[in-house]
Amino acid sequence: MQEESFETLAVHAGEDREAHFGALSVPIYPASVFAFTDADEGIAIHNDEKPGYYYGRLGNPTQTALEKAMAGLEGGEAALALASGMAAISAAAFSLLKAGDHVVAPESMYSTTTNFLRYIGGQFGIETTFIDAENAEAYAAAIQPNTRMFWIESPSNPLVRITDIAEVSAIANVAGIATVVDNTFATPYNQRPLKLGADLVIHSATKYLGGHSDLTAGIIVGRSDLVEAARSGPAKYYGGNIAPQVAWLVLRGTKTLALRMERHNSNASALAHMLLDHPKIEAVHYPGLATHSNHEIAKRQMSGFGGMLGVDVGTADAAKTLVNRLKVCTFATSLGGVETLVQPVALMTHATLTPEEREKAGVSEGLLRISVGIEHIDDICRDIYDALG
Ligand SMILES: *Cc1c(COP(=O)(O)O)cnc(C)c1O
């Protein structure tokens, strides 16, 4: 059978019309309890010997539809939906790791993941070495006898740094280490890490998958033994399950993912090229630019370069002035929604890091993160131009 195109899969993945009276939209099952029909069947479902539903924390048909859709879009065997990106990250980490284990992770990435590994991981006896993830060899060099997990975030938040996923996964495979990729920035429309050799992909579905800045959710996708270990371990015991109403919203978002990402890609690329020559801009970080340090790797492993840019306007004051002048674009944290969002990174999301850690992560005082939305590109460009003064 011919492999379905991403666009078609995005519209139809996860469908089970027969089970839902032909409904085109999967129904929302708010039920927290499901009754059993007979003793043997009930006992089998409850004891995981037969598929079925019995308690809200452990899943429902709406959640299953989202999980099937995401497994399809990422090309994974199975998926697990959770209440937030951090619920997905912590469930993935705690299902793979135990006290005494070691992790290798980027020194520049989403700061809450950095702090999770450093402080929460640290509390449970898990040690992390933070490395320059643009250099695949840095992962190999950091391996210890107790290394169990390589963490990749590519493109990374906020500097859109690129890690060679195939290369790092190959190093991990030889050493028997699990590779987990945070694919939030790229989405499966632009990049499919499992096909490049990674074991698990995680998403903050709060961002592009939901796509409308109206929910928080997270997803783990990948090898079914690893996904089921996360489901029967951390997801079950720490909770963090996704609400059925939210699972439905994420699933609705994924149906238009291809259309939205196409526009995010083209708008971000246009804005990046325009800002490159602006006299008040010190640096533009975008994987689609030939000036990006790992542009060649990005070209190889991504089919589009995404909607996220880093822009350095020199000083914290210049960054504050710019966000105060925005009219079309919005000064807000988060990313991946239909609207263009601009945020001074060092003053906000990365303020929890020490100045030394920020410097190591490459987060300068004047760095702005721009999540380029799907408004008309001329309106976005004019607004940023006017705000630069
Ligand atoms: C937002 C984000 C997260 C965390 O997701 P939440 O849904 O906020 O918990 C993780 N990784 C990246 C790259 C993010 O941008």
Side-chain angles (χ1 to χ4, degrees), residues 66 70 74 80-94 103 105-121 130 133 151-163 165 180-188 190-191 193 198 200-221 230 234-235 238-243 246-247 249-250 253-254 261 264 268 285 287 302 305-310 332-337 341-343 345 348-353 361-363 367-373:
L66 170 61
M70 280 309 300
E74 284 286 2
L80 168 65
L82 292 140
S84 69
M86 287 314 299
I89 288 168
S90 54
F94 283 134
V103 177
E107 64 194 3
S108 188
M109 64 169 168
Y110 184 62
S111 61
T112 311
T113 308
T114 306
N115 290 337
F116 165 74
L117 288 171
R118 183 173 284 140
Y119 301 119
I120 307 297
F130 295 96
W151 194 267
I152 295 176
E153 191 181 282
S154 183
S156 70
N157 188 347
L159 282 164
V160 289
R161 289 189 175 164
I162 299 294
T163 300
I165 297 171
V180 185
V181 178
D182 185 332
N183 203 29
T184 299
F185 269 35
T187 83
N190 286 326
Q191 172 172 281
L200 287 178
V201 161
I202 74 93
H203 278 279
S204 169
T206 313
K207 315 295 170 51
Y208 289 106
L209 300 181
H212 294 75
S213 309
D214 56 6
L215 60 89
T216 65
I219 308 260
I220 304 174
V221 192
Y238 305 151
N241 53 294
I242 191 168
V246 175
L249 269 181
V250 177
T254 59
M261 290 316 298
H264 285 298
H285 307 281
M302 303 179 81
F305 300 113
M308 298 300 301
L309 320 176
T333 189
S334 197
L335 59 107
L341 304 181
V342 182
Q343 191 215 296
V345 181
M348 298 178 72
T349 40
H350 284 62
T352 53
L353 303 185
V363 175
L367 184 69
L368 291 164
R369 187 182 70 191
I370 307 180
S371 172
V372 185

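First listed ligand is number 1; within each ligand, the first listed atom is number 1.
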Give a yes-or-no answer on whether the side chains of T352 and N115 include a donor-acceptor pair shorter than 3.5 Å. yes
Partners meeting ring pair (Phe, Tyr, Trp, His ring centres under 6.0 Å) with H203 (sequence neighbours left out): none
Residues around ligand 1, heavy atom under 4.0 Å from any ligand atom, sorted by chain and number. Can you pull those? S84, G85, M86, I89, Y110, E153, N157, D182, T184, F185, S204, T206, K207, A217, L335
Rounded distance [0.5 Å steps], OH in Y208 versus NE2 in H264: 5.5 Å
With rounding to the nearest 0.5 angstrom, report the CG to CG distance, N241 to L82. 8.0 Å
With a 4.5 Å cut-off on side-chain heavy atoms, are L367 and H350 touching? no
Output for pair (L66 CG, I242 CD1), nearest 0.5 Å, gives 5.5 Å
